[in-house]
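All values below come from the heavy atoms of this structure, side chains included, with hydrogens, waters and symmetry mates left out.
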Number of protein chains: 2
Amino acid sequence: MAKKQQEKSQQTMNELMASAIELFGKNGFVQTSVSEITEHAGYAKGSFYRHWNSKDELFLLIVEQKLKRYRETRNGKVDKATNLAEAMDVIWDFLESIINDKNWSSIFLEFTVYSAKSEILRKLMNKSVYRLSNEIFAELVRDHVETDFPPEKIGALNTALFEGYLIHRSLGTQVLSIKDVRQAAIALALSNGSKQS
Amino acid sequence: MAKKQQEKSQQTMNELMASAIELFGKNGFVQTSVSEITEHAGYAKGSFYRHWNSKDELFLLIVEQKLKRYRETRNGKVDKATNLAEAMDVIWDFLESIINDKNWSSIFLEFTVYSAKSEILRKLMNKSVYRLSNEIFAELVRDHVETDFPPEKIGALNTALFEGYLIHRSLGTQVLSIKDVRQAAIALALSNGSKQS
DNA sequence: TCTCAAAAGTGACCGCAGGTCATTTTTCGA
DNA sequence: TCGAAAAATGACCTGCGGTCACTTTTGAGA
């Protein structure tokens, strides 16, 4: 029965991960130290590195898990969209659900910009598992684009507007509401990808 | 003649600042250490803190200086704009000049997101001296808006799209070109602030 | 029940960061 | 030439991410 040891190890991982999610969510990525995470879970620092190779690695795992969950809540709704406007509505319902997840949108932003400094992280962040990526939006929109404007660009412009809004938001600037940005993004997508304006 | 000492002090500041600009420009804000800055200029670490209270403080000074210079190259052109489309062209010529300044746009982005974590820095970054700010764009656009859409929102949406593009860019994603974003931003501004679409 | 190798857990330690400050060196008017 | 004031120094502080030799716990087989 080596099973029990594995279970214990898994249990420890879960506890450390829960602690990490709580502290990252409260204080952000950089401002949360590995010592804090382990201490808060009742372990010593060294235990962290038995389970993950770096703070980055655990954070990416959390991001992957969170994105997966966001997407699940979105499932089904996508197929119902019959035109570009409806597809954009689905996308923005999705984006708003991220914004409503405490301050995780700010933390994603923080990590995204942080990741730009490392080539390895940069490559990872361009994968859709870790990112509210251009290409995912492009996919959702592709079937409904009526012009020859590239769907990837519609997706990327949408991402840009959203992430630009995250910056605006994380600085505490109050000029834009999420509704303003949603409207603008949809108007932009329609003007590029829809036959009538 | 206490002048000579002041001059020497000023000289040291200039040397340290030049060293900082070079190293920040090459490696970014976080990845450039104060020791590197002083060493590269031929001083000891302590000398840095005789002139500035923190790394942040010097960086803000550099930002202020750079923004001032960008704006100077823009002066005059603003007054010539007779409608919203021309005003947007002036703004985007300005933004492109920032993008063309080596990788400083990425570094501004890095510091902007970094600053969100400190209340003091956040407040500073909302001032127009330190930021490619919403309100500056709003000002440039105000006289040419023909609808009742708030000029501040036009400015803020423009900033969001630009900074979102900076993220896209710093991740090395190649889907969007600066031209794409410029077109989108101008289309967006015109659709909100111009009578005919 | 006892044994002991393997797995889990520990925390002192490393190099380096931003920042401090008592001390040394340089400057320059009297 | 002298000495106070200004400039420059670098050892030192705390805290970071990460390492690893060590101790403790676990559990299958005798």
Side-chain angles (χ1 to χ4, degrees), chain A residues 1-20 23-24 26-62 107 110-111 114-115 117-121 124, chain B residues 1-20 23-24 26-62 107 110-111 114-115 117-121 124:
Chain A
M1 260 196 250
K3 272 254 176 92
K4 282 209 177 162
Q5 273 186 356
Q6 281 177 36
E7 274 167 25
K8 185 154 207 297
S9 176
Q10 188 59 52
Q11 166 80 1
T12 304
M13 281 183 77
N14 292 342
E15 285 172 24
L16 286 174
M17 198 161 187
S19 171
L23 294 171
F24 283 145
K26 211 190 293 173
N27 306 320
F29 175 74
V30 172
Q31 303 224 327
T32 299
S33 72
V34 173
S35 304
E36 281 178 291
I37 292 170
T38 52
E39 207 170 307
H40 185 255
Y43 292 91
K45 194 178 181 178
S47 288
F48 184 98
Y49 292 93
R50 180 164 297 284
H51 300 287
W52 301 283
N53 291 315
S54 66
K55 199 172 96 163
D56 294 359
E57 188 178 309
L58 173 58
F59 190 83
L60 284 171
L61 227 60
I62 292 171
I107 297 158
E110 182 197 356
F111 192 81
Y114 162 85
S115 76
K117 276 173 277 173
S118 143
E119 200 189 326
I120 297 163
L121 280 182
L124 280 175
Chain B
M1 258 195 252
K3 272 257 177 89
K4 282 206 177 165
Q5 271 185 357
Q6 280 176 36
E7 274 168 25
K8 184 151 206 299
S9 176
Q10 187 60 49
Q11 165 81 1
T12 303
M13 280 181 77
N14 293 343
E15 285 171 24
L16 286 174
M17 197 160 186
S19 170
L23 293 171
F24 284 145
K26 211 189 293 171
N27 306 319
F29 175 73
V30 172
Q31 304 224 326
T32 299
S33 73
V34 173
S35 305
E36 281 178 292
I37 293 170
T38 52
E39 205 170 307
H40 184 254
Y43 292 91
K45 194 177 179 178
S47 288
F48 184 98
Y49 292 93
R50 177 163 301 283
H51 299 287
W52 302 282
N53 291 315
S54 66
K55 199 172 97 163
D56 294 359
E57 187 179 310
L58 173 58
F59 191 84
L60 284 171
L61 227 61
I62 293 171
I107 297 159
E110 183 197 356
F111 191 80
Y114 162 85
S115 76
K117 276 173 278 174
S118 143
E119 200 188 326
I120 297 162
L121 280 181
L124 280 174

Side chains of [X] and [Y]: closer than 4.5 Å at any heavy-atom pair?
X	Y	result
B/Q11	B/E7	no
A/E57	A/L61	no
B/L121	B/L60	yes
B/H51	B/S9	yes

I need the [atom1]-[atom2] distance between [X] and [N], as an integer number of Å.
X	N	atom1	atom2	answer
B/W52	D/dA8	CH2	P	11 Å
B/K45	D/dC13	NZ	P	13 Å
B/E39	C/dC16	CD	P	11 Å
B/R50	C/dT26	CZ	C1'	12 Å
A/L23	D/dC16	CG	P	12 Å
B/Q10	D/dA7	CD	P	11 Å
B/Y43	C/dT26	OH	P	13 Å
A/E36	D/dT14	CD	P	18 Å

Selected nucleotide, minimal atom distance to B/A44 side chain, candidates D/dT9, C/dA8, D/dA8: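 Ranking D/dT9, C/dA8, D/dA8 by closest atom to the B/A44 side chain puts D/dT9 first.
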For A/E110 and A/F24, run side-chain contact (heavy atoms from CB on, under 4.5 Å): C-alpha distance rounded to whole Å, both residues' side-chain angles, the deciding distance at 0.1 Å, then the answer. CA-CA 11 Å; A/E110 182 197 356; A/F24 283 145; over 6 Å; no
Report yes if a side-chain nitrogen or oxygen of [X] is closer than 4.0 Å to either non-bridging phosphate oxygen (OP1 or OP2) of [N]; otherwise report no.
X	N	result
A/S47	C/dT10	yes
A/K8	C/dG9	yes
B/T12	D/dA8	yes
B/Y49	C/dT20	no

Under 4.0 Å between any heavy atoms, over every strand shown, what does A/T32 touch: base, sugar-phosphate, or nothing? Just pick one.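 Sugar-phosphate contact only - A/T32 comes under 4.0 Å of backbone atoms but never of a base.
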Looking at every strand, decide which applies to A/S33 at a 4.0 Å heavy-atom threshold: base, sugar-phosphate, or nothing.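 Since only primed, P, OP1 and OP2 atoms lie under 4.0 Å of A/S33, the category is sugar-phosphate.
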Toward the 5' end of DNA chain C, which comes first, B/K55 or B/G46, by nearest nucleotide?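 Per heavy-atom nearest nucleotide, the more 5' residue is B/K55.
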